[in-house]
K.L.:
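Pasting a structure below so you can have a look.
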Amino acid sequence: MDTVTRKTYDEVMMPLYNPFNMVLVRGRGVYLYDTEDNEYLDLFAGIAALPFGHSDPGLIEVIKKQAFSLMQTSNFYTNDKVLMLAKKLTALTGLDRAYFGNSGAEANEAALKLARRYAYDVYGEDKNEIISCDKSFHGRTFFTMNVGGSSPLTEGFGPKPAAITHVPFNNAEELEKHISDKTCAVLIEPIQGEAGIIPAETEFLQKARQLCNKYNALLIFDEVQCGMGRSGYLYVYQSVGVKPDILTTAKALAGSLPFGSMLAIEEVAKHFTKGLHGSTFGGNPFACACACYTLDTVSKPDFLSSVKQKGKKFVKVLENLNAKYDIFSEIRGRGLMLGCVLKEPYFNKADELLDCCVNRKVLLLTATPNVLRLLPALNITDKEIEKAEELLDLAFADFKLKNT
Ligand SMILES: *Cc1c(COP(=O)(O)O)cnc(C)c1O
């Protein structure tokens, strides 16, 4: 019963994923180990969910301490850690009130429900349209997947929720064409993740802010993937000077635990009155203690500037490798959220390239079939980046050889 192999996955897990051919058992920093004790360099950090890599000693201390004091209270009884965290998050974001859930999808679900409810209370039931971007990703709940702009994910699940419109990303004219008095919210990822690591243009975000003001719509930023220091700023919007009315943040927020938060300005937040939304585990002191530690660490100016610096170093590494192998048309992203876009004749071969990387024991992700995605731990060292260069060099050489 206790012996498991990769084959076990195919026998007892729902076939939603097709994971690589190893079973991971432990991690330390940027290294992962499987059942055979193979060592892998981890450049995806649990999909940007591990800002300090695996088993960070500081975080372990917080986990141990909190495990001995208090793990769960529900929200009918509050706790010290959730209140401390809400104080920190509101101070650091300039938003007024926080809600806590257990994932990015839940944070976005709460944001969308709040936006609809606010519009209903203030403007009436006709103001219910939600605008989001093509190819955007906002989670897998029924509401969030339909607000997401990737249509293959939503087919065959029955009637879709109404009043959801998609516009092309970074296209202010199209947004202007579709927004109206019926729009209750515009939801944007300031750096699109799943769509292929595409930063929003500052003018697009500025125009979205302007249009939302004009039509009394709420501007929601989904920083579930790009937030928490990944871009070299605590939140991406803070680098462009466009403030949302609602912000969602998750993935890295609690350092490695499942967690998410939705923050809003007072005028909007006050419409989430008693009983309108909730969660059993949301705001539990265990995750909140971890989030306090993570936020304290990540928000330090020195930490954020080190992310910028390491991002630059990583871009240089990737550009050097591309000068050698000539497989990418573009290396894009911000900080340590990077996408390598494949060029002709390697179009849509990101999975094959990723196979070559895994084969050389360096683990990354793709984003769309044409982009290799890097989301390393934010505290990756220069020496580890050099190790990454060494392994990626071997992997790209293998890929090039297979494709000539
Ligand atoms: C991952 C992600 C989500 C969903 O988060 P889960 O924790 O998987 O529910 C939502 N939005 C963005 C931008 C994401 O990257």
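Each ligand, and each atom within it, is numbered from 1 in the order the structure gives. Since the model is a prediction, treat every value here as computed from it, not as a measurement.
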K.L.:
To the nearest 0.1 Å, how far is atom 11 (N) of ligand 1 from its closest protein heavy atom, and which atom is that?
P.N.:
Asp222 OD2, 2.8 Å

K.L.:
Under a 4.0 angstrom heavy-atom cut-off, which atoms of ligand 1 come close to Ser103?
P.N.:
7 (O), 9 (O)

K.L.:
Which residue supplies the protein heavy atom nearest to atom 5 (O) of ligand 1, what is that atom called, and how far is it?
P.N.:
Gly104 CA, 3.3 Å

K.L.:
Any ion pair linking Asp296 and Lys88 (charged N to carboxylate O, less than 4.0 Å)?
P.N.:
yes

K.L.:
Indicate, as side chain, backbone, both or neither, the part of Ala250 found under 4.0 angstrom from ligand 1 when only non-hydrogen atoms are considered.
P.N.:
neither

K.L.:
Could you walk me through whether Met262 and Leu247 satisfy the side-chain contact (heavy atoms from CB on, under 4.5 Å) test, starting with their C-alpha distance in whole Å, then the side-chain angles of each, then the deciding distance to 0.1 Å, before giving a yes or no?
P.N.:
CA-CA 6 Å; Met262 185 270 289; Leu247 173 73; over 6 Å; no

K.L.:
Would Tyr99 and His277 satisfy ring-ring contact (aromatic ring centres under 6.0 Å, His included), going step by step from the backbone distance to the final call?
P.N.:
CA-CA 10 Å; Tyr99 166 80; His277 195 61; 5.0 Å; yes

K.L.:
Going by an N to O cut-off under 4.0 Å, is there a salt bridge joining Lys207 and Glu176?
P.N.:
yes

K.L.:
Which one holds for His138 and ligand 1: side chain close, backbone close, both close, or neither close, with close meaning a heavy atom under 4.0 Å?
P.N.:
backbone

K.L.:
List every atom of ligand 1 that sits less than 4.0 Å from any heavy atom of Glu189, numbering the atoms from 1 in the order shown and giving each element.
P.N.:
13 (C)

K.L.:
Which of the numbered atoms in ligand 1 are under 4.0 angstrom from any heavy atom belonging to Ala105?
P.N.:
4 (C), 5 (O), 6 (P), 9 (O)

K.L.:
Given that the side chain starts at C-beta and the backbone is N, CA, C, O, which of these parts of Asn108 lies under 4.0 Å from ligand 1, counting heavy atoms, or is it both or neither?
P.N.:
side chain

K.L.:
Within a distance of under 4.0 Å, is there any protein heavy atom near atom 8 (O) of ligand 1?
P.N.:
no

K.L.:
Which option out of Gln225, Lys251, Met145 puts a heavy atom nearest to atom 2 (C) of ligand 1?
P.N.:
Lys251

K.L.:
Does the Asn108 side chain pair with the main chain of His138, one donor and one acceptor, at a distance under 3.5 Å?
P.N.:
yes

K.L.:
Phe328 and ring pair (Phe, Tyr, Trp, His ring centres under 6.0 Å): which single residue from Phe399, Phe396, Phe347 fits?
P.N.:
Phe396

K.L.:
Verify, without hydrogens or angle tests, whether Glu189 (side chain) and Phe137 (backbone) share a donor-acceptor contact under 3.5 angstrom.
P.N.:
yes

